[in-house]
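Just so you know, residue 1 is the first one in the sequence shown, and it goes up from there. Any value given below was found using the heavy atoms of this structure, including those in side chains, with hydrogens, waters and symmetry copies removed.
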Amino acid sequence: MGLDMTDKGNTTAENTTRQAKTSARSRAQENSQSSWFSLPQPIKRVFDRFPLVTYPANDLPQRAPGRRNENILYIFQSEDQPSRDAPSFNPSCLKWQAYLKFHGIPLRTRPSNNHASPSGSLPFLLPASQDPQRPASPVPASRIAKWVISQGGKEEAVHPRQEAYTALIDHNIRSAWLYYLYLDKDNFNAVAWPMYVASASTSWPVQLSLAYQLRNAAREELLKTNTIIDPQELYSQAEEAFRALSILLGENRFFFGQTTPGLFDASLFAYTQIILDDGIEWKTPSLKTALQRHENLVQHRARLARGFFSSRTRNT
């Protein structure tokens with residue numbers, strides 16, 4: 001059925017109203033765009049005088065890798081190390097350096113410091129990139145294990161008792177280590193000072209400030225879990241941890257009966273390698289003496305050093 005005249009009149013009115021609204025909306029948009037892109041004359045004169053310029057990207061630092069087709073692990077490492085494959089002198093760095101090697105990840109190491117790290121701490125990994133215009137994102141230590149799996153690495157099975165034994169390393173041994181390296185004055189001056197202080201700056205005031213920060217950070221960390229800092233108690237707990245780990249390892253080559261070393265092996269090696277390194281002259285050898293009582297732990301360290309670090313490792 002067709003529309004009567006009333007319907008036609010209403011339709012015409014509606015069309016007229018709709019067109020008017022559309023026209024008003026278009027004008028409003030044009031006015032809005034015009035006001036958005038127009039600037040007050042005083043500001044416009046400034047931009048006319050100093051036009052915006054897009055500068056080219058800054059060059060990479062001299063120490064940045066020139067070859068982006070390699071995995072680069074940034075760690076604490078001696079600048080005059082005869083081999084860039086040598087173990088780090090920092091447990092946190094050495095743990096992941098060893099772990100990557102255990103999984104056959106090809107990599108180069110670069111000496112660095114916490115200030116150069118995107119996360120504020122070492123180590124961090126800069127994965128290889130096939131496109132120099134799109135470098136890969138840095139991988140912090142907390143994500144290295146997942147990154148290895150993403151590269152085809154085998155996901156490790158977790159032993160039912162592994163968490164409890166890991167605590168012996170992360171708490172007992174680490175706490176004793178913090179005192180051993182930072183709060184024992186003789187060890188700090190002989191070992192920590194050249195490794196972390198003298199290598200960071202030649203300015204005496206800066207060195208003093210850094211030394212204070214390192215020792216204070218170690219003290220605060222220990223006070224989180226200890227009412228008082230008793231070195232004999234810390235060393236006693238570390239000795240108990242070494243004894244328990246020695247029993248756990250037994251006559252096996254690697255922990256938990258694995259045929260190849262895993263993250264747990266790397267976690268312990270990160271301390272035993274540094275403690276037993278004859279190139280480090282400990283003035284108070286408490287931890288070294290305690291560790292040397294357990295021959296299988298000594299051999300475990302030597303086995304990993306010979307098998308995965310091409311540079312000559314001392315005391316192997």
Side-chain angles (χ1 to χ4, degrees), residues 75-78 81-83 85-105 107 109 145 154 156-177 180-181 187 191 234-282 284-316:
I75 58 176
F76 284 108
Q77 192 177 47
S78 175
Q81 195 67 247
S83 170
D85 189 49
S88 171
F89 55 73
N90 176 271
S92 297
C93 293
L94 182 52
K95 171 183 176 179
W96 294 109
Q97 183 186 8
Y99 177 79
L100 288 166
K101 284 179 171 292
F102 295 168
H103 282 268
I105 301 294
L107 60 91
T109 58
K154 182 181 178 181
E156 296 182 17
V158 179
H159 192 276
R161 296 181 296 166
Q162 186 166 330
E163 185 175 350
Y165 283 105
T166 298
L168 294 178
I169 300 174
D170 293 344
H171 177 68
N172 294 44
I173 295 176
R174 181 173 181 271
S175 294
W177 168 261
Y180 189 62
L181 179 62
N187 280 345
V191 181
L234 293 174
Y235 290 147
S236 176
Q237 291 179 2
E239 289 180 15
E240 292 177 4
F242 287 140
R243 186 181 305 112
L245 292 169
S246 177
I247 295 172
L248 175 66
L249 180 62
E251 297 181 358
N252 294 321
R253 290 176 57 83
F254 309 114
F255 282 95
F256 303 111
Q258 299 296 314
T259 56
T260 57
L263 184 58
F264 189 89
D265 297 89
S267 299
L268 180 61
F269 176 75
Y271 289 98
T272 58
Q273 160 58 28
I274 304 171
I275 292 172
L276 294 176
D277 190 340
D278 283 342
I280 299 177
E281 298 181 1
W282 300 105
T284 308
S286 305
L287 279 184
K288 187 172 185 178
T289 302
L291 177 56
Q292 287 174 327
R293 296 192 183 106
H294 305 284
E295 183 61 24
N296 62 344
L297 297 184
V298 174
Q299 291 304 315
H300 175 265
R301 172 258 180 180
R303 188 177 302 119
L304 295 177
R306 287 195 305 266
F308 295 94
F309 290 87
S310 61
S311 61
R312 185 177 64 85
T313 307
R314 303 176 183 89
N315 194 26
T316 59

Legend entry - Minimum heavy-atom distance between A244 and Y165, given as atom pair plus value: O-CE2, 4.1 Å
Inset, instruction - Could you tell me whether the side chain of F89 reaches within less than 4.5 Å of the side chain of I75, counting heavy atoms only? - result: no
Legend entry - Side chains of Q77 and N90 in contact at under 4.5 Å (non-hydrogen atoms): no
Inset, instruction - Considering non-hydrogen atoms only, spot the tightest contact between A176 and L234 and give its length. - result: CB-O, 3.6 Å
Legend entry - Flag for S88-Q97: side-chain donor and acceptor within less than 3.5 Å: no
Inset, instruction - Any chance you could measure F256, atom CZ, to Q162, atom CD, to the nearest 0.5 Å? - result: 4.5 Å
Legend entry - Test item: S246 side-chain N/O and F242 main-chain N/O as donor-acceptor pair under 3.5 Å: no
Inset, instruction - Measure the CG-CD distance between N172 and E239 for me, rounded to the nearest 0.5 Å. - result: 11.5 Å
Legend entry - Qualifying residue for side-chain contact (heavy atoms from CB on, under 4.5 Å) with K288, from L276, I280, T272: L276
Inset, instruction - Enter the distance from Y180:OH to Y235:OH here, rounded to the nearest 0.5 Å. - result: 7.0 Å
Inset, instruction - Mind checking the CG-CD spacing from L304 to Q273? Nearest 0.5 Å is all I need. - result: 9.5 Å
Inset, instruction - Decide salt bridge (Lys or Arg N to Asp or Glu O under 4.0 Å) for D277 and R301; before the verdict, give the C-alpha distance in whole Å, the side-chain angles of both, and the deciding distance to 0.1 Å. - result: CA-CA 10 Å; D277 190 340; R301 172 258 180 180; 5.1 Å; no
Legend entry - Exercise: identify the closest heavy-atom pair between L268 and L297: CD2-CD2, 4.1 Å
Inset, instruction - Mark yes or no for whether D265, through its side chain, and F255, through its backbone, hold a donor-acceptor pair below 3.5 Å. - result: yes
Legend entry - Closest non-hydrogen atom pair between E156 and G262, with its separation: OE2-CA, 3.3 Å
Inset, instruction - Taking the six-membered ring for Trp and the full ring for Phe, Tyr or His, determine whether the centres of F309 and F269 are under 6.0 Å apart. - result: yes
Inset, instruction - Flag the pair I274 / P91 as yes when at least one side-chain heavy-atom distance between them is below 4.5 Å, and no otherwise. - result: yes
Inset, instruction - Determine yes or no for a side-chain-to-main-chain donor-acceptor pair under 3.5 angstrom, with H159 supplying the side chain and R161 the backbone. - result: yes
Legend entry - From Q299 atom CD to R253 atom CZ, the distance as rounded to the nearest 0.5 Å: 10.5 Å
Inset, instruction - Check the surroundings of atom CD in E295: do more than 12 heavy atoms from other residues, nucleotides or ligands lie under 6.0 Å from it? - result: yes
Legend entry - Exercise: identify the closest heavy-atom pair between Y99 and A266: N-CB, 4.1 Å
Inset, instruction - Could you tell me whether the side chain of N187 and the main chain of T284 form a donor-acceptor pair under 3.5 Å? - result: yes
Inset, instruction - Output the distance between atom CZ (F264) and atom CD (E163), rounded to the nearest 0.5 Å. - result: 11.5 Å
Legend entry - L263 vs W96 side-chain heavy atoms within contact, under 4.5 Å: yes
Inset, instruction - Can you see which heavy atom on A238 is nearest to which on L287, and at what distance? - result: CB-CD2, 3.7 Å
